[in-house]
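One structure is given here, and the rest of the page talks about it.
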Amino acid sequence: KVHSQGSQRLLEDGENIDDCVNMILVGETASAFSLMVIASENKAKDGFTDVTYSEDPDDDEPLLCKLVSGSNVFAIDFLPLTNFADDLVLPKVGKNIVVLLFYNVPEVEETPGGSCTATYISDFETRMAEIRHAAKAENRPYVALLAFDCVVQQKLELDDFLRRQDQAAKSAEVDVFWANASDTRTVKEYLETICMKARKWKPKPENVQTQKSSSCCSVL
């Protein structure tokens, strides 16, 4: 479920914010990841300052945190997208970032002939198709794959997924971040890097298929 943009409230309240970020997290563990970041006992010393959040990921309250990174202050509105049937919604206000989140994914097979990794990749591929068919170039989000604690086979499968995306887009579409740990400090560093790279990133019109019909990728 995609929440409203709570980060805008910080600006209205006079908070010192450099960027308001809508971070759409794709993956079954996206809600748990969001709550882990926000509710971590170590958030203050590791650079996180919680502003407001709901303990229920299905509530209408935003999953919001303020990330302090040196002189940069980001208001991150976490928008977990955990249900395969949910539409990918790109808010109009703020910087849109889509993170394909590979977090706490077990190695064991989920079903005979299939794996948890394959399930995640199937979801990622659907979301990438939605993004590629966005109606306007300016609506395209910055996209990153953030993968934690991958074993060799999982990394091979994710590499195959990335190669398919490169072929579909005719150029690299996804920035990739391989994390060997998932402690709070490591997570903070990767989120900081993603926010900084997204700030400088501009969509490439040649990678967008313009169409007059309505897009499967909705815009609020």
Side-chain angles (χ1 to χ4, degrees), residues 1-8 19-34 36-38 57 62-65 67 74-105 117 119-148 158 161-166 168-169 171-179 187 190-205 207-209 215-220:
K1 184 176 182 178
V2 177
H3 302 292
S4 61
Q5 294 196 38
S7 56
Q8 295 306 305
D19 279 321
C20 290
V21 174
N22 306 304
M23 188 170 287
I24 303 164
L25 299 170
V26 177
E28 292 182 9
T29 55
S31 292
F33 179 85
S34 302
M36 179 274 292
V37 170
I38 295 169
L63 295 168
L64 174 67
C65 80
L67 172 60
F74 298 96
I76 302 178
D77 202 347
F78 289 115
L79 310 175
L81 198 60
T82 58
N83 191 332
F84 186 81
D86 289 341
D87 291 330
L88 174 62
V89 179
L90 301 177
K92 285 185 176 181
V93 181
K95 184 72 174 181
N96 291 325
I97 300 175
V98 174
V99 176
L100 308 176
L101 182 65
F102 195 82
Y103 169 73
N104 199 23
V105 181
T117 302
T119 300
Y120 271 74
I121 289 175
S122 177
D123 193 7
F124 294 167
E125 287 180 326
T126 298
R127 303 310 178 183
M128 290 302 298
E130 289 182 274
I131 292 168
R132 276 197 300 274
H133 288 84
K136 297 180 181 179
E138 57 266 29
N139 290 335
R140 287 174 60 82
Y142 172 79
V143 184
L145 169 66
L146 179 56
F148 290 93
L158 288 169
F161 156 73
L162 293 168
R163 278 192 288 271
R164 291 195 296 273
Q165 300 313 306
D166 287 350
S171 65
E173 266 201 332
V174 183
D175 272 349
V176 185
F177 302 90
W178 304 106
V187 169
Y190 278 103
L191 292 181
E192 172 190 340
T193 300
I194 288 171
C195 287
M196 292 297 293
K197 294 197 74 171
R199 172 188 282 179
K200 301 175 182 178
W201 179 85
K202 299 294 182 184
K204 297 179 181 179
N207 284 347
V208 181
Q209 299 180 14
S215 169
C216 61
C217 186
S218 305
V219 179
L220 288 177

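Only heavy atoms go into these numbers, but all of them, side chains included; no hydrogens, no water, no symmetry mates.
- Closest approach of Val174 to Met128, counting heavy atoms only: CG2-CE, 3.6 Å.
- Here the side chain of Asp87 pairs no donor or acceptor atom with the backbone of Val89 at under 3.5 angstrom.
- Across all their heavy atoms, Pro91 and Asn96 have their closest contact at O-ND2, 2.9 Å.
- Qualifying side-chain hydrogen bond (donor to acceptor under 3.5 Å, both in side chains) partners for Tyr190, counting only residues two or more places apart in sequence or in other chains: none.
- In this structure the side chain of Leu145 never reaches within 4.5 angstrom of the side chain of Gln165, judged on heavy atoms.
- Expressed to the nearest 0.5 Å, how far CG of Leu25 lies from CG of Leu146 amounts to 8.5 Å.
- Not counting sequence neighbours, the partners of Thr193 by the side chain to side chain contact (heavy atoms under 4.5 Å, CB included) test are Phe177, Lys197.
- Each of Leu79, Val143, Asp77, Val99 was compared with Ile24 under the side-chain contact (heavy atoms from CB on, under 4.5 Å) criterion, and only Leu79 meets it.
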Notebook entry, point to check: side-chain contact (heavy atoms from CB on, under 4.5 Å) between Phe102 and Thr117: does it pass, once the steps are laid out?
Noted result: CA-CA 8 Å; Phe102 195 82; Thr117 302; 3.7 Å; yes

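- Gly27 approaches Thr82 most closely through the heavy-atom pair O-CG2, 3.3 Å.
- No donor-acceptor pair closer than 3.5 Å links the side chain of Ser31 to the backbone N or O of Pro80.
- Two residues are said to be in side-chain contact when any heavy atoms from C-beta on lie closer than 4.5 Å; Glu173 and Arg132 meet this criterion.
- Cys195 is listed as a side-chain neighbour of Met23, based on a closest heavy-atom distance under 4.5 Å.
- Here the side chains of Trp201 and Ile97 are not in contact, with every heavy-atom distance at 4.5 Å or above.
- Qualifying ring-ring contact (aromatic ring centres under 6.0 Å, His included) partners for Phe74, counting only residues two or more places apart in sequence or in other chains: none.
- Considering only heavy atoms from C-beta on, Leu158 stays 4.5 Å or farther from Tyr120 through its side chain.
- Nearest heavy atoms, Val26 versus Phe124: O-CE2, 3.5 Å.
- Leu88 and Arg127 get closest at one heavy-atom pair: N-NH1, 3.8 Å.
- Below 30°, between 30° and 60°, or above 60°: for Phe33 and Phe148 the angle between ring planes is between 30° and 60°, a tilted geometry.
- Contact check for Leu100 versus Phe161: side-chain heavy atoms found under the 4.5 Å cut-off.
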